[in-house]
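In each ligand, atom 1 is the first atom listed, and ligand 1 is the first ligand listed.
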Amino acid sequence: MTALIEAASPHVMNTYGRLPIAMSHGEGVWVWDVNGKKYLDGLGGIAVNTLGHNHPRLVPALQDQIGKIIHSSNYYHVPGQEQLAKKLVELSGLTNAFFCSTGLEANEAALKMARKFGHGKGIERPEIVVYEHAFHGRSIATLSATGNTKVQAGFGPLVEGFIRVPLNDIEALERATKGNPNVVAVFFETIQGEGGIHPMRAEYLRQVRALCDERDWLLMIDEVQCGIGRTGKWFAHQWAGIRPDVMPLAKGLGSGVPIGAVVAGPKAAHIFGPGNHGTTFGGNPLAMRAGVETLRIMEEDGLVAHAGAVGEHLKQALQREIGSLPGVVEIRGQGLMLGIELDRPCGELLGRAAEAGLLLSVTADRVVRLVPPLILTQDEADQIVALLAPLVRDFLAQPR
Ligand SMILES: *Cc1c(COP(=O)(O)O)cnc(C)c1O
């Protein structure tokens with residue numbers, strides 16, 4: 001790429017290993033960089049750009065909102081908060097929402113709720129069950145809940161009060177919490193995103209729900225990445241027919257406008273009172289409009305079912321083209337949240353794919369992740385496969 005781009009950010013802190021590419025604009029599932037090169041967006045800004053780029057109904061709505069009011073303050077009522085909360089409650093079967101601006105903030109709020117829930121029951125040192133390979137964010141508390149030592153390295157001492165268990169193993173959960181009166185909540189992603197697209201099994205979700213009911217624990221499900229229609233249900237846990245008590249959301253909720261939410265059911269909706277929690281930007285009129293319009297357009301266009309169907313098509317096509325290659329361990333995930341696990345680290349595929357005109361990511365070292373906009377068509381899904389399959393084939397064929 002051009003020297004101009006490589007040297008473009010000498011004053012920006014170096015917190016990401018960035019590719020020497022800068023995006024200029026987008027249209028649907030396509031983006032163009034500042035040099036005019038075109039890419040098929042299989043990443044969606046990491047599961048954020050639900051409606052793709054320059055959506056013909058979202059953009060005018062946001063322009064309208066910007067011309068009215070961007071930000072007021074949580075000192076006053078924000079009508080958009082009630083509108084979006086009402087919609088989220090309707091879609092989730094829960095009862096109340098709190099608004100913030102990012103995923104880690106939503107998770108941080110959930111962790112605070114769990115602790116206060118415990119204190120309300122006289123538990124002075126509440127403990128929360130979390131999972132291996134989990135990712136919940138990069139604040140001190142959420143990185144402590146995260147199950148990745150790379151995320152934690154250099155930031156100790158970690159926040160205490162977490163018990164870590166493996167996925168999909170109800171006996172392990174029972175063993176780890178046996179006779180412990182301080183447990184207050186179980187916290188996980190329905191499909192782990194950063195951890196490498198690892199789904200919780202429906203049966204396990206039902207078992208954990210039952211255990212939480214039996215023990216009076218909060219079931220807290222981080223749907224920051226897998227929620228908002230991506231798997232073919234509004235929220236991925238709905239495949240198991242269960243409801244959480246607390247559900248953090250963010251990424252796809254605003255189609256690119258920063259937004260986070262914690263949606264809570266009856267057991268958790270009134271844990272916070274005035275003064276317990278807050279954020280300056282959370283729930284501002286622009287973010288609320290983005291959330292309301294995103295969900296409205298998703299409903300009008302049937303994008304939830306669409307994501308499920310196109311995702312299934314994409315998964316089958318990938319399975320057919322590269323699924324049986326030696327070196328492809330597994331293709332997994334649901335809807336438009338798919339991971340292709342290889343038998344070796346494959347970080348370099350990120351750059352090679354971009355060179356070939358495809359945006360994707362590699363997570364957990366060896367898992368190629370596809371989380372494109374939910375407007376992806378079947379034809380565009382086929383184009384992803386046509387770009388990706390030869391890259392994976394060539395990569396696996398090269399000597400190690
Ligand atoms: C991305 C992510 C987060 C963190 O969200 P930020 O907006 O980056 O703070 C938390 N949980 C899950 C499951 C995520 O995928």
Side-chain angles (χ1 to χ4, degrees), residues 13 15-16 18 43-50 98-114 128-148 150-152 155 159 162 164 167 185-200 205 219-231 234-237 244 246-263 279-284 287 290-291 294 332-339 360-364 367 369-372 374:
M13 276 196 206
T15 57
Y16 283 87
R18 297 176 205 270
L43 182 63
I46 319 184
V48 165
N49 297 305
T50 304
F98 169 83
F99 294 107
C100 51
S101 308
T102 67
L104 82 77
E105 261 188 286
N107 286 334
E108 190 82 25
L111 295 173
K112 283 179 70 175
M113 287 169 83
I128 299 167
V129 176
V130 293
Y131 285 72
E132 292 172 2
H133 314 297
F135 181 83
H136 297 298
R138 291 171 178 277
S139 66
I140 296 288
T142 58
L143 75 81
S144 301
T146 288
N148 180 342
K150 274 197 214 156
V151 172
Q152 298 169 338
F155 300 109
V159 170
F162 293 110
R164 197 167 304 280
L167 283 75
V186 179
F187 183 40
F188 56 76
E189 304 148 79
T190 314
I191 302 177
Q192 291 184 335
E194 304 308 301
I197 316 295
H198 291 290
M200 295 287 184
L205 293 171
L219 176 55
M220 310 204 301
I221 304 189
D222 178 350
E223 292 255 353
V224 166
Q225 187 162 158
C226 58
I228 316 296
R230 181 155 294 282
T231 66
W234 280 101
F235 308 107
H237 66 263
V246 177
M247 175 173 66
L249 298 172
K251 290 197 166 83
L253 180 55
S255 262
V257 176
I259 183 170
V262 184
V263 192
T279 156
T280 302
F281 287 118
N284 87 22
T294 296
R332 57 178 178 256
Q334 190 153 13
L336 288 173
M337 181 170 183
L338 297 177
L360 48 70
S361 80
V362 172
T363 188
V367 181
R369 170 176 52 179
L370 293 169
V371 281
L374 306 192

Which residue owns the protein heavy atom closest to atom 11 (N) of ligand 1, what's the atom, and how far is it?
Asp222 OD2, 2.8 Å
Atom CD1 of Ile128 and atom CZ of Phe188: how far apart are they, to the nearest 0.5 Å?
13.5 Å
Sort out for me which residue in Asp222, Val129, Val246 forms a side-chain contact (heavy atoms from CB on, under 4.5 Å) with Phe187.
Asp222
Contact check: Glu189 vs ligand 1, nitrogen or oxygen atoms, below 3.5 angstrom
no
Kindly confirm or rule out an N or O of Leu104 lying under 3.5 angstrom from an N or O of ligand 1.
yes
Will you find, in the side chains of Glu223 and Thr190, an N or O donor that is under 3.5 Å from an N or O acceptor?
yes
Which atoms of ligand 1 sit under 4.0 Å from any heavy atom of Asn107?
10 (C), 11 (N)
Would you check the N or O atoms of Glu105, main chain and side chain alike, for any that come under 3.5 Å of an N or O of ligand 1?
no
If you measure from atom 5 (O) of ligand 1 to every heavy atom of Cys100, Ser101, Gly103, which option wins on shortest distance?
Gly103
If I compare all heavy atoms of Thr279 with all of Phe99, which pair ends up nearest, and what's the gap?
CG2-O, 3.7 Å
Which donor-acceptor pairs under 3.5 Å do side chains of residues 332-339 form with protein atoms, sequence neighbours excluded?
from: Arg332; atom 1: NE; to: Gly196; atom 2: O; distance (Å): 3.4
from: Arg332; atom 1: NE; to: Ile197; atom 2: O; distance (Å): 2.6
from: Arg332; atom 1: NH1; to: Glu330; atom 2: OE1; distance (Å): 2.9
from: Arg332; atom 1: NH1; to: Glu341; atom 2: OE1; distance (Å): 2.7
from: Arg332; atom 1: NH2; to: Gly196; atom 2: O; distance (Å): 2.9
from: Arg332; atom 1: NH2; to: Glu341; atom 2: OE1; distance (Å): 2.9

Atoms of ligand 1 less than 4.0 Å from Lys251 heavy atoms?
1 (C), 2 (C), 3 (C), 14 (C), 15 (O)
Return a yes/no value: protein heavy atom under 4.0 Å from atom 9 (O) of ligand 1?
yes
Taking heavy atoms and a distance under 4.0 Å, where does Ile46 meet ligand 1: side chain, backbone, both or neither?
neither
Scanning both residues in full, the closest heavy-atom pair of Arg369 with Glu194 reads NH1-OE2, 2.6 Å
Would a 4.5 Å heavy-atom cut-off, applied to side chains only, mark Val371 and Arg230 as touching?
yes
For ligand 1, is any non-hydrogen atom under 4.0 Å from Thr102's backbone (N, CA, C, O), its side chain (CB onward), both, or neither?
both
